[in-house]
Undergrad: 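Can you read through this structure? Questions will come right after.
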There are 2 protein chains.
Amino acid sequence: MQISCIKMEGMSSDQSKEVAHTYRATQARTSIIAVLTEGNAPLSVGEILDVLKKRKSCPNKTTVYRQLATLIRRDMVKEVQFTEGAKRYEMADTGHHHHVVCTQCKRVEDVTVEGDLAAEEKMIAKTKKFKALRHSLEFYGLCPKCA
Amino acid sequence: MQISCIKMEGMSSDQSKEVAHTYRATQARTSIIAVLTEGNAPLSVGEILDVLKKRKSCPNKTTVYRQLATLIRRDMVKEVQFTEGAKRYEMADTGHHHHVVCTQCKRVEDVTVEGDLAAEEKMIAKTKKFKALRHSLEFYGLCPKCA
DNA sequence: TGACAAATGCAAATAAGTTGCATTAAGATG
DNA sequence: CATCTTAATGCAACTTATTTGCATTTGTCA
């Protein structure tokens with residue numbers, strides 16, 4: 001699998017106060033991006049660590065948390081959370097989609113949805129004076145294995 | 001404010017293995033339901049405790065967690081979680097609605113949405129062989145105060 | 001009123017995520 | 001290639017959210 005854009009340079013426009021900063025293509029960053037890119041589902045830090053433990057080198061959990069924070073700041077990764085304990089992370093460039101969550105085995109998969117939720121966002125902005133920037137939609141139920 | 005159905009008897013159909021069980025109208029349950037019924041937004045355990053501390057008697061946090069678990073099992077309360085740390089709880093009988101979450105001050109409010117998400121659920125069931133039972137939709141953005 | 005089980009409180013245990021600090025190692029430079 | 005600078009890492013300790021065990025209290029119902 002090809003991983004692009006591991007090295008990240010410069011600073012994004014919204015980091016106004018930050019000093020210019022050079023990001024490095026480290027082992028940890030590379031492997032975390034690899035794991036997130038492989039699956040078609042968002043992973044928890046625990047799951048990321050489990051996968052990496054089976055490979056050559058596994059970073060410390062602190063490193064994983066910090067890398068994810070950096071990748072989120074750089075808009076390369078998105079954070080999602082369902083009604084389980086842990087947060088989940090997925091690559092940001094996988095296109096807009098939503099999730100189905102199995103309430104039994106906790107497995108998560110991506111889905112795309114037809115409805116025009118962008119229109120809803122505009123309506124909310126009007127009626128609630130709430131400036132909706134993004135949305136998240138999850139379907140909970142039973143996956144084929146647990147049904 | 002009137003609180004109905006504080007005493008809960010019998011067992012719901014899906015509690016197959018459980019022995020019949022009588023629920024009691026205790027101070028803790030009464031006050032937790034009162035707090036959840038008052039607002040139009042889901043509350044975290046911390047927020048529930050904060051409100052109750054200002055009143056006559058405040059239950060222990062363990063009790064709050066346990067009462068919420070019981071109320072959820074009885075389908076009287078729903079649990080939701082956004083990308084903050086703590087889970088939030090709201091009365092189940094407030095009609096189907098969704099949430100707007102302020103990414104700045106973390107405030108949460110209810111909204112109702114037009115789109116036909118039930119239709120989406122059926123489609124998912126077909127294409128993903130995933131039996132979607134319920135869904136949750138959140139809009140993230142800035143509330144009037146933070147915008 | 002008295003018995004019995006539901007409900008509670010407290011303290012200790014988990015689990016998820018964070019922070020401080022000393023150390024390591026990308027990557028730029030000579 | 002050796003060296004320097006600082007981003008990135010690892011470790012241990014910490015915070016916050018939630019759970020569990022156990023002894024005690026308290027609704028309910030006979």
Undergrad: Return no unless some side-chain N or O of Asn60(A) is found under 4.0 Å from OP1 or OP2 of dT9(D).
TA: no

Undergrad: CD of Glu79(A) versus P of dA16(C): gap in Å, rounded?
TA: 15 Å

Undergrad: Which nucleotide sits closest to the side chain of Ala86(B): dT6(D), dG9(C), dT18(D)?
TA: dT18(D)

Undergrad: When you compare the side chain of Thr112(B) with that of His98(B), does any pair of heavy atoms fall below 4.5 Å?
TA: no

Undergrad: What is the distance from CG of Leu52(A) to P of dG10(D), rounded to the nearest Å?
TA: 11 Å

Undergrad: I want to check one thing: is the phosphate of dT18(D), taken as OP1 and OP2, less than 4.0 Å away from some side-chain N or O of Tyr65(B)?
TA: yes

Undergrad: Could you tell me whether the phosphate oxygens of dG10(D), OP1 or OP2, come under 4.0 Å of any side-chain nitrogen or oxygen in Thr62(A)?
TA: no

Undergrad: May I ask you to verify if any side-chain N or O of Thr63(A) is less than 4.0 angstrom from the OP1 or OP2 atom of dG10(D)?
TA: yes

Undergrad: If the test is side chain to side chain contact (heavy atoms under 4.5 Å, CB included), which one of Leu68(A), Val64(A), Val35(A), Val80(A) qualifies with Tyr89(A)?
TA: Leu68(A)

Undergrad: Separation of Arg74(A) atom CZ from dA7(D) atom P, in whole Å?
TA: 13 Å

Undergrad: Test: salt bridge (charged side-chain N to carboxylate O under 4.0 Å, His left out). Region: residues 128-138 of chain B. Which pairs qualify, not counting sequence neighbours?
TA: Glu109(A)-Lys128(B)

Undergrad: Using whole Å, report how far CG of Leu43(B) lies from C1' of dA17(D).
TA: 16 Å

Undergrad: Tyr23(B) has an atom OH; how far is it from atom P of dC4(C), in whole Å?
TA: 22 Å

Undergrad: For the pair made of NZ in Lys106(A) and C1' in dA16(C), what is the distance, rounded to whole Å?
TA: 16 Å

Undergrad: Please determine if Arg107(A) and Glu84(A) form a salt bridge, counting it only when a charged side-chain N lies under 4.0 Å from a carboxylate O.
TA: no

Undergrad: Tell me whether the side-chain N/O atoms of Arg29(B) come closer than 4.0 Å to OP1 or OP2 in dA7(C).
TA: yes

Undergrad: Give a yes-or-no answer on whether the side chains of His99(A) and His135(B) include a donor-acceptor pair shorter than 3.5 Å.
TA: no

Undergrad: Less than 4.0 angstrom between a side-chain N/O of Gln67(B) and OP1 or OP2 of dT8(C), yes or no?
TA: yes

Undergrad: CG of Leu71(A) versus C1' of dT9(D): gap in Å, rounded?
TA: 15 Å

Undergrad: May I ask you to verify if any side-chain N or O of Arg66(A) is less than 4.0 angstrom from the OP1 or OP2 atom of dT9(D)?
TA: no

Undergrad: Where each residue is assigned the nucleotide of DNA chain C containing its nearest heavy atom, which of Gln27(B) and Lys61(B) is assigned the position nearer the 5′ end?
TA: Gln27(B)

Undergrad: Classify Lys87(B) by what it touches in the nucleic acid, base, sugar-phosphate, or nothing, heavy-atom distance under 4.0 Å.
TA: sugar-phosphate

Undergrad: Examine dT8(C): is either OP1 or OP2 under 4.0 Å from a nitrogen or oxygen in the side chain of Thr26(B)? Give yes or no.
TA: yes

Undergrad: Record whether the side chain of Arg24(B) comes under 3.5 Å of the base of dA7(C) through a donor-acceptor pair of N or O atoms.
TA: no

Undergrad: Can you check the Glu47(B) CD to dT16(D) P distance for me, whole Å?
TA: 16 Å

